[in-house]
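Accompanying notes for the structure given below.
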Protein chains: 2
Amino acid sequence: MYTSIRIKNRKLIKMSHKKKEIMEKLKNDILSLELKPGTLISETSLSEKFNLSRTPIRDILKQLSLQGFIDIYPKKGNIVSYIDLESVEQITFLRSTLEKEIMKDLSSNIPITGLHNLMSILAMQNECIESKIENQDKLIRFMVLDDRFHKTLFELAGRKFLWNLIQQFNVHYMRYRKLHAFKKEKLRELLQGHQEILDCIVHGQKDRIDDLVYHHIRADINSPYFRENFMEYVKTPSKLV
Amino acid sequence: MYTSIRIKNRKLIKMSHKKKEIMEKLKNDILSLELKPGTLISETSLSEKFNLSRTPIRDILKQLSLQGFIDIYPKKGNIVSYIDLESVEQITFLRSTLEKEIMKDLSSNIPITGLHNLMSILAMQNECIESKIENQDKLIRFMVLDDRFHKTLFELAGRKFLWNLIQQFNVHYMRYRKLHAFKKEKLRELLQGHQEILDCIVHGQKDRIDDLVYHHIRADINSPYFRENFMEYVKTPSKLV
DNA sequence: AAACCATAACTTGTATACAAGTTAAGACTG
DNA sequence: CAGTCTTAACTTGTATACAAGTTATGGTTT
């Protein structure tokens, strides 16, 4: 039995390249809703598909389960998780609360380069809306930029750690957002929210921040549009599993 | 290949009883610092100790690693993680920010039974301080009550979900707190903080909350007492792993 | 004595066989 | 035809053998 581990590779390599690749693919497919909630994902099918034994596949599924991407029913099977509205609401509260605080911090002292970054992201979002890209692609592009905007705010405030932490538990929020923001006016609204937030930061209007962030992030948790169209994706007690 | 999973056991049983037991034991031993940071934890040793094959043991270690309890160095070994001060600071910021918001919510409308619960916890904390219990046990008892106080606040505000989420990533904060609060005056100080917070909630003094929470949770991140005594537990780039 | 090298002993990673629980389908019974 | 039972096919859980990388040891060389 050894008594210590020698230093050599400073970095903790937590996963082989291939495993990481498979996990990223599964995550993407689930987040993009290509794999619909309720879809069965058996170890053997993945094992055959990716030409890898069940053991490493199980590692991946275990981790996905801990992050809410799938639900594991012992001896029955694994399914892509249904969207949990409770989680959406709670994560939304978490984000809005954190971002209010972060923006107040930033409104006192934001570096000029950071400001430029944020502004350029808004310009790209505007460009994205006006462009003739097809609807689905446009939405994805816009959302990527949306994330980049918020992530940048976290980074500028020295809170990258928390951004990454939240990202790990974002499955339900991300899918909800994707589904319910599928309208052009919605995108304009979101962009305007960003612009107003940036204005506040620049002009140090701390008192306006609370309301802005609230409306930007939390406003439509109970979107009727969502409830009318996507209830089949939502976690309900009676759902067949 | 099946196409759906029949409902029967509504509950997702994520782990067998034995596995859960082992995991809880490991978590407790790490949190209590009985297992010191840097301690090697090999799969085979656990496997022999608990009379279980390596496969389920690996499941446990994988999960502990994701929650920051241990670090896995492939083909080298697993160690109990060193305390990551960055994580302590970030989680502290997260908690203080969330709790400020939660307390503002509660100061408007807190149910009377909830208030009684909180008060009885404070009474027990006071009793704990005055009692003749030995130091180590007293500290543990006090900290359990401390957690119960904060947890109750989360629950009353409908934020149990977030409390549980944070708990999963509390390893570094919990161990830091345990080490640096190891003084009697410290305990009185913490209790007084609780009492002031409760006062604010009762009297709806929202403007005082920010400062109180800040001091209660965040005040001594850079505790010299901690740095002088426990640096051997702290994650540093040069640490032998 | 110091540096080097081969090798044995250890570590975790992967593949696979088997165990145990769940589901689906069909034969059987009333 | 409806209901029940048996059984085969499926699922994940566990044990174990082997693969591959890392470390420690001790002998050899210089």
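Computation of the quantities below employed the complete heavy-atom set of this structure, encompassing side-chain atoms and omitting hydrogens, waters and symmetry-equivalent molecules. Small disclaimer: the values here were computed from a predicted structure and weren't measured. Just so it is clear: chains get the letters A, B, ... in the order the sequence lines come, proteins before strands, and each one is counted from 1.
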Quick check for you: among [options], whose closest atom lies nearest to any side-chain atom of [X]?
X	options	result
A:Lys75	C:dG13, C:dT22, C:dA15	C:dT22
B:Arg54	D:dG13, C:dG13, D:dT14	C:dG13
A:Glu43	C:dG13, C:dT14, D:dG13	D:dG13
A:Ser16	C:dT14, D:dC10, D:dT16	C:dT14
B:Lys76	D:dT22, C:dT12, C:dA17	D:dT22
A:Ile5	D:dT16, D:dT14, D:dT23	D:dT23

Atom-to-atom span, [atom1] of [X] to [atom2] of [N] - whole angstrom:
X	N	atom1	atom2	result
A:Lys18	C:dG13	NZ	P	17 Å
B:Ile79	D:dT23	CD1	P	13 Å
B:Asp71	C:dT12	CG	C1'	15 Å
B:Glu48	D:dT16	CD	C1'	14 Å
B:Asp59	C:dG13	CG	P	12 Å

[N] OP1/OP2 closer than 4.0 Å to side-chain N/O of [X]:
X	N	answer
B:Asn78	C:dT12	yes
B:Lys19	D:dT14	yes
B:Ser42	C:dT11	yes
A:Ser53	C:dT14	no

Classify the nucleic acid contact of A:Ile57 as base, sugar-phosphate or nothing, counting any heavy atom under 4.0 Å across all strands shown. nothing
Which is true for B:Leu61 with a 4.0 Å heavy-atom rule: it touches a base, it touches only sugar-phosphate, or it touches nothing? nothing
is_close_aromatic(A:Phe169, B:Phe169), centroid dist under 6.0 Å: yes
Taking the six-membered ring where the residue is Trp, are the ring centres of B:His180 and B:Tyr176 under 6.0 Å apart? yes
How close do B:Leu31 and B:Arg175 get, heavy atom to heavy atom, and via which atoms? O-CG, 3.8 Å
Smallest separation among heavy atoms of A:Cys128 and A:Lys138, with atom names: O-CE, 3.3 Å
Residue whose closest nucleotide on DNA chain D lies nearer the 5' end, A:Thr55 versus A:Gly77: A:Gly77
Comparing nearest nucleotides in DNA chain D, the 5'-proximal residue of the pair A:Ser45, B:Asn51 is A:Ser45
Please evaluate residues B:Arg141 and B:Asp137 with respect to the criterion salt bridge (charged side-chain N to carboxylate O under 4.0 Å, His left out), reporting the C-alpha separation (whole Å), side-chain torsions for both, the decisive distance (0.1 Å), and the verdict. CA-CA 6 Å; B:Arg141 263 186 69 87; B:Asp137 288 347; over 6 Å; no
